[in-house]
Amino acid sequence: MSHRPIILGIVGDSAAGKTTLTRGIAQILGEDNVTVICTDDYHRYDRKQRAEIGISALHPDCNYLDIIQQHLSLLRSGQPILKPIYNHSTGAFDPPEYIKPNKFVIVEGLLGYSTRGMRDTYDVKVFLAPPEALRSTWKIKRDTRKRGYTEEQVIEQLRKRESDSEAFIRPQRQWADAVVTFYPSNGGTEYDDLLLNVRLVLRPTIPHPDFTKILDSNGNHQGSAVRLELDRDMGKPVDVLEVDGHATDEQVRQIERVLCSEVPHLGQFCSLEGNQDIGKVVGTTGETLQSYPLAITQLLITYHMLKAANVAAAMAIQV
Ligand SMILES: Nc1ncnc2c1ncn2[C@@H]1O[C@H](COP(=O)(O)OP(=O)(O)O)[C@@H](O)[C@H]1O
Ligand SMILES: O=C(COP(=O)(O)O)[C@H](O)[C@H](O)COP(=O)(O)O
């Protein structure tokens, strides 16, 4: 290996879209180059024990955060780990698995940014923050179709976990280099998953692509479906790029050009080079999702992974 593994964190609440986004990015980086770790595997208690104790999986005390941190450090230095496995179908633990890191490691889960040690291990940190109404819809759909729960059980679980979501999950937003929010354009309950807009909050904690290139010479937007603004997030200044579900091919190509001018590898996954599968991913409920907002989100995060790999390779040559 020419450099140490590059580590991406994808953190967010249950059914925020972590696994779906992870799949899309792994497709672009090449499945064989990517090791995916889900931190649900580090739950301290199985489902029965959690019910007896009265603790939710979202609580830090319900997870071996110290072992996650230890394993992340090992993976970052290219070493293997013996990872526990939490089985969402049975609610119990399967035998552990031996995992060697590939060039890229994606670590997705609920509490990945809870400690300083964990946060320091990632090269790129993403937080997923869909509006709560959309997350509930996604969670009901997935957990009734794939995890054997009834709709009433999922709604009750969401209600019971709300205080832990507020206390432990949502505050982690502050540590992310990019906060990703897919949202319905009319803000209402009637929406099409394939026409969701995306709001990308870009913190100056890592150097983002120069999106000002998509503005015309007067600094104006080329249309209303793609917007670049300065804003504040949790009190701190940020750039915000929004891409609507109905953005045009040409608007999307402009963004792709910005990304590909610095990272040509991305070209083959863009509509620029005629790729028809841009932004296509199979969601965890088995449905095929495809949209420009999804594509731009995946490309932006992959851009950061490849840039981090270039930096790590340059450092490896120096030593
Ligand atoms: N970007 C997206 N666009 C449309 N639907 C999505 C998107 N991300 C997730 N979903 C839906 O939400 C469900 C839950 O997503 P998932 O990736 O399993 O969440 P998590 O891994 O965070 O628990 C998926 O089954 C899918 O139906
Ligand atoms: O919230 C999640 C995390 O998964 P995800 O982020 O993929 O939703 C699960 O509910 C817990 O792991 C508990 O498992 P269970 O529901 O089996 O008790």
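The first residue in the sequence is number 1, and the count goes up from there.
Legend: salt bridge (Lys or Arg N to Asp or Glu O under 4.0 Å) pairs involving residues 50-74, not counting sequence neighbours, sorted by first then second residue: K48-E52. Each salt bridge (Lys or Arg N to Asp or Glu O under 4.0 Å) pair with one or both residues in residues 288-313, not counting sequence neighbours, appears once here: E262-K307. Residue pairs that meet the salt bridge (Lys or Arg N to Asp or Glu O under 4.0 Å) test with at least one member in residues 165-174, sequence neighbours left out, are E132-R170, E162-R170, R173-D233. Each salt bridge (Lys or Arg N to Asp or Glu O under 4.0 Å) pair with one or both residues in residues 16-45, not counting sequence neighbours, appears once here: D41-K83.
Remark: H59 pairs with no residue by the side chain to side chain donor-acceptor pair (under 3.5 Å) rule, at least two apart or across chains. Partners of Y292 according to the side chain to side chain donor-acceptor pair (under 3.5 Å) rule, which considers only residues two or more places apart in sequence or in another chain, are D249. Among residues two or more places apart in sequence or in another chain, the side chain to side chain donor-acceptor pair (under 3.5 Å) test is passed with E256 by S271. By the side chain to side chain contact (heavy atoms under 4.5 Å, CB included) test, R145 is found to be paired with K141, T285, residues two or more places apart in sequence or in another chain being considered. A search for salt bridge (Lys or Arg N to Asp or Glu O under 4.0 Å) contacts involving E229 returns nothing, not counting sequence neighbours. Every residue two or more places apart in sequence or in another chain that forms a salt bridge (Lys or Arg N to Asp or Glu O under 4.0 Å) with D231 is listed here: R199. Under the side chain to side chain donor-acceptor pair (under 3.5 Å) criterion, T284 pairs with no residue at all, not counting sequence neighbours.
Between L110 and I169 the shortest heavy-atom distance is O-CD1, 3.4 Å.
In this model, no donor atom of one side chain and acceptor atom of the other lie less than 3.5 Å apart for E250 and T248. A donor-acceptor pair shorter than 3.5 Å cannot be found between the side chains of N197 and S185. Side-chain atoms of T39 and E108 form no donor-acceptor pair, as typed in the model, at a separation below 3.5 Å.
Taking the six-membered ring where the residue is Trp, the centroids of Y42 and Y86 are separated by 6.0 Å or more.
For the pair R161 (side chain) and D164 (backbone), a donor-acceptor distance under 3.5 Å is absent. Looking only at distances, no side-chain donor or acceptor of R135 sits under 3.5 Å from a matching main-chain atom of A16. Between the side chain of Q49 and the backbone N or O of D46 there is at least one donor-acceptor pair closer than 3.5 Å. Using a distance-only test at 3.5 Å, with no hydrogens or angles considered, a donor-acceptor pair links the side chain of Y113 to the main chain of G9. The backbone N or O of K280 lies less than 3.5 Å from no partner atom in the side chain of D277, so there is not a single donor-acceptor pair. T35 places a side-chain N or O within donor-acceptor distance of the main-chain N or O of N102, the cut-off being under 3.5 Å. One N or O on the side chain of D210 and one on the backbone of T212 form a donor-acceptor pair closer than 3.5 Å. Using modelled atom types, no side-chain atom of D123 and backbone atom of I6 make a donor-acceptor pair closer than 3.5 Å. Remark: the backbone N or O of Y149 is not paired with any side-chain donor or acceptor of D143 at under 3.5 angstrom.
Remark: I278 CD1 to L299 CG distance equals 6.0 Å, nearest 0.5 Å.
Salt bridge status for R227 with D244: present, with a side-chain N to carboxylate O gap under 4.0 Å.
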Please output the side-chain donor-acceptor pairs of residues 89-96 that fall under 3.5 Å, not counting sequence neighbours, one pair per line with the distance.
from	atom 1	to	atom 2	distance (Å)
T90	OG1	A92	N	3.2
D94	OD2	N87	ND2	3.1

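In this structure, L259 is a member of the same hydrophobic cluster as I301, with clusters built from ILVMFWY side-chain heavy atoms closer than 4.5 Å. In the hydrophobic clustering of this structure, I296 groups with V180; members are Ile, Leu, Val, Met, Phe, Trp, Tyr whose side-chain heavy atoms approach within less than 4.5 Å, directly or through other members.
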